[in-house]
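These notes concern the structure reproduced below.
So you know, we letter chains A, B, ... as the sequences are listed, proteins then strands, and number each from 1.
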There are 2 protein chains.
Amino acid sequence: MAPSFALDGGSDANRAPPPPSVTGRFASVYSEVQNSRIFHTLPLPSVLKTPFTIIDGPPSSAAGNPDEIAKLFPNLFGQSSAMLVPGGSETVQLNQKLKIGVVLSGGQAPGGHNVISGIFDYLQDRAKGSTLYGFRGGPAGIMKCKYVELTSDYIYPYRNQGGFDMIRSGRDKIETPEQFKQAEETVHKLELDGLVVIGGDDSNTNACLLAEYFRSKNVKTHVIGCPKTIDGDLKCKEVPTSFGFDTACKIYAEMIGNVMIDARSTGKYYHFVRLMGRAASHITLECALQTHPNITIIGEEVAAKKLTLKNVTDYMVDIISKRAEDNYNYGVILIPEGLIDFIPEIQHLISELNEILAHETVDEGGLWKMKLTDQSLKLFEFLPRSIQEQLMLERDPHGNVQVAKIETEKMFIQMVETELEKRKQEGTYKGGFKGQSHFFGYEGRCGLPTNFDSTYCYALGYGAGALLQSGKTGLISSVGNLCAPVEEWTVGGTALTSLMDVERRHGKFKPVIKKAMVELEEAPFKKFASLRDEWALKNCYISPGPIQFTGPGSDAISHTLLLELGAQA
Amino acid sequence: MAPSFALDGGSDANRAPPPPSVTGRFASVYSEVQNSRIFHTLPLPSVLKTPFTIIDGPPSSAAGNPDEIAKLFPNLFGQSSAMLVPGGSETVQLNQKLKIGVVLSGGQAPGGHNVISGIFDYLQDRAKGSTLYGFRGGPAGIMKCKYVELTSDYIYPYRNQGGFDMIRSGRDKIETPEQFKQAEETVHKLELDGLVVIGGDDSNTNACLLAEYFRSKNVKTHVIGCPKTIDGDLKCKEVPTSFGFDTACKIYAEMIGNVMIDARSTGKYYHFVRLMGRAASHITLECALQTHPNITIIGEEVAAKKLTLKNVTDYMVDIISKRAEDNYNYGVILIPEGLIDFIPEIQHLISELNEILAHETVDEGGLWKMKLTDQSLKLFEFLPRSIQEQLMLERDPHGNVQVAKIETEKMFIQMVETELEKRKQEGTYKGGFKGQSHFFGYEGRCGLPTNFDSTYCYALGYGAGALLQSGKTGLISSVGNLCAPVEEWTVGGTALTSLMDVERRHGKFKPVIKKAMVELEEAPFKKFASLRDEWALKNCYISPGPIQFTGPGSDAISHTLLLELGAQA
């Protein structure tokens, strides 16, 4: 019955013996659930349980502008994808000792620790006597050669645990010639055979530039990327999902499901929930598919249909009014964090304000507003006073509006309230409206990874080890067939250059891995679009409940993945 | 692997067959976890599994002013506690048909549905042919005679589910003579033998007044209360905890644990977490004991030590400064929702502002501030501008400051920032500070009840049925010995009058069940106080993880309960 107890080792830990010494995370006590997760044994895809051969696919191209990508990556462009298959003659030489480095880059995502333990266990199993270094604090750790040797004891307490605290992450980038030189010095000093970069789109682009650089300089270090981001916007055919998305969405969906039941029980609140996800609306879409809210705004649809803020508000107000006719004066509304970036009129208003505030005095009487274009003035007057003030006053040191600080959920509550008040006076709305705002963000980035993320990450790491031992570079670790039982998952690597396009910045072409946005023609959005009218007026709420690690629901995978892979099949 | 599926019955449901028809909640689909919970079989204390006798204890008194309570409850004052014991000669007559009503009163708490299914199953098991009515929408349902007959099929999909949506709740009170008369008419019309009131301190006071009224009028209806509130402030020796507290705290602790790992992983944020709980700080204390945050503010301690807002801010700033010396520029801070009410100087300021704003014009130059007392002026100047504005502008229709709307967590972030800036200029602080605010509230009220709350509520309801069949009235259902295995839990009832004191309102004595506040001399606070200095400077974070329904951690009970019962033992 004890709610928590100290870490005291155990017998069936994942390959690692109990720690002999008490340092780092060991010093802390673990909750019963954290502790039990350490001992959770992870299944491996069967191809990783036997000797394997690497089969190369056909030459690859790029996601766009292949000629420019070819110029930027003369040594790597066109690389084949690699796929592991059991047995065969080209079986990778076992017991070749390797020195490998690993780095976490960017924001946290549940499962990062398991990628690292996957690499470690691969080396233990297939390349005895190898060394794994963890660079501390993200790419800066590579540049400054700050690292720690990752041993069995060191990794042990982080198995299946959330967070990135084993070696921490960072947002620095290796960009300038000096920085590339620093990285080269580090890998030279540590005699690295390989480096695994765990990160999002930018970090994987960086990983590929590093792979190209090392190859061009005849440095022996190979570089493999791993797809990480809770936002779910780093994916392609060979990389069906980024890790962390599954756990984060389930954590948010638990909370959304709870406020849905709350809404239905009290019958008097509209809960406006803003969800993390700066660029793409995948998280919002997945949470909607899991919980069936009354209203869900998808940024990509707003952009595609060129909707204005007034359009979006009217859409909400129309549904709220209709629900009031059925005596439903409650509901749940999901809003993606990045919504404002999808509405061009807001961007226009902000740039006009920037211009005016830089050159004019803002008079009390409001004459300054005459400088705004008609469209921007109309929008400005439509905004709640608190948002107007935020746009006028709260500037960063460069004088820019802090768009990310705008609490969109509160903004909509006020705008909806104002519109409903109008309709009330016109006699077209007779309901009662009370808004409650929520932002679900940080609580989703560091949760204990789900069974799916734990297993997926472990396979990504284990596979990355295999790719490095096979002499691959410039690939992203790719684990596929994810809707099948784990044994049948495929393992391989995809040429990072094949995910790239170029963007022109400061007159130069820069390689970028394009963010995978919500596609309005693909299965997840289409399913949502086909059901949302029913969800709007009826109450089809589903409460997913807390993430389970054993028993019913514990092996569920995301709707997005199920639908995307189902549509491909 | 399917993440959710429709309700399709099952074989081992808790006494209830699968529903034959599709109505109400059935119309919706359930998540896999929700669905599995329906089939979760609940253990009963062994005394409820056999024939039992009711043993009466000695006559009771009151929590305070027994003479006044005796006058207010001439028919009920002094009632004994009742305890169920197995077997014996006075075994309750089985198969006596009863008509019972049940009502949910006040805010939601996880487990309410299980109290109802406990009553229902008691009647099925021990009083075949009985009828259970659920009053809709809280006490208003009694007054307006709005009810539904609760059948096996009706109750079935709500078993072990969160929310109060089976019959909904409400915040009305039965207060005036007319309202008592209405209640009398309803129980007369339905020929009720008993009424179970599931609610907090106010609702249980109301239940007792109703019991007294019915007895005085020779109405046959008996009234039994049940202790409900996530705030955990309705408890006494015989009622060790109110239901919902366990689940709500675990949901909040999951989120707190996640942001702790996030804080440690990024190393750059202070998360300020405000936690629901309007009056007492039990939730904040329990969450602290579960997670070990760096700073925890307990309202009752602030009040006892007569701390000012500046004192509390300095406490935070001191710890943040010390942590910066160890290069820890991150942390987690818990703040109870009701904190402001514990700080007398804020109450003084607000009442002075109310006075001034009612009679004076507020001039731009700030001359109006001269009307404030020195202490209030000092406090006002100390407050961040946004809070000053909130105090000046955001008034309810009666012109009062909306204290509950003050986002205390944001207020502290700003005040801490200002103080740290000062120290930076004085050279006594060299760290970096970024605050992130959170409010964890609504997401905790309607979660799926934990195994503890599910079982506890079921026993409370089952026991309430037993008390009614035994002819008891004016008692609150009491289930004790909660740290022992469920079989050994005790079941009985405690005289509601024994929990009461009087308050003088509008010149009259009103009976009240005093809220159980955090006691600074009791075990939970003392344990916290003995550890908090270590938690402040070291990082002893514990991440409880999501609530589990099976496996490790699934049967854990709250630290508060463990410590309180441990201290009593």
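Minimum interatomic distance between B:Q108 and A:S265 (heavy atoms only, all atoms of both residues): NE2-CB, 3.2 Å. Residue B:R168 comes nearest to A:R264 through the heavy atom pair NE-O, 2.9 Å, listed as atom of the first residue, atom of the second, then distance. Considering all non-hydrogen atoms of both residues, B:Y30 and A:I542 come closest at C-CG2, 4.3 Å. For the pair B:P552 and A:S36, the tightest heavy-atom approach, listed with the atom from each and the gap, is CG-CB, 3.4 Å.
B:Y269 touches chain A through its side chain: at least one heavy atom from C-beta onward sits under 4.5 Å away, while N, CA, C and O do not. When heavy atoms are compared at a cutoff of 4.5 Å, A:F440 approaches chain B solely by way of its side chain, counted from C-beta outward.
The closest side-chain heavy-atom distance from B:H438 to A:E443 is below 4.5 Å. A:R445 is listed as a side-chain neighbour of B:T266, based on a closest heavy-atom distance under 4.5 Å.
In this structure, the side chain of A:Q548 does not engage the main chain of B:P546 through any donor-acceptor pair within 3.5 Å. Remark: side-chain polar atoms of B:Q34 are paired, donor with acceptor, to backbone N or O of A:S543 under 3.5 angstrom.
In this view, A:F549 satisfies the ring pair (Phe, Tyr, Trp, His ring centres under 6.0 Å) rule with no residue, not counting sequence neighbours.
Close approach to chain B, defined as a heavy atom under 4.5 Å from one of its heavy atoms, is seen in A:C446, A:G447, A:L448 of residues 446-454 of chain A, taken by number.
Of the charged side-chain nitrogens involved, none lies within less than 4.0 Å of a carboxylate oxygen, so that A:E32 and B:K250 do not count as a salt-bridged pair.
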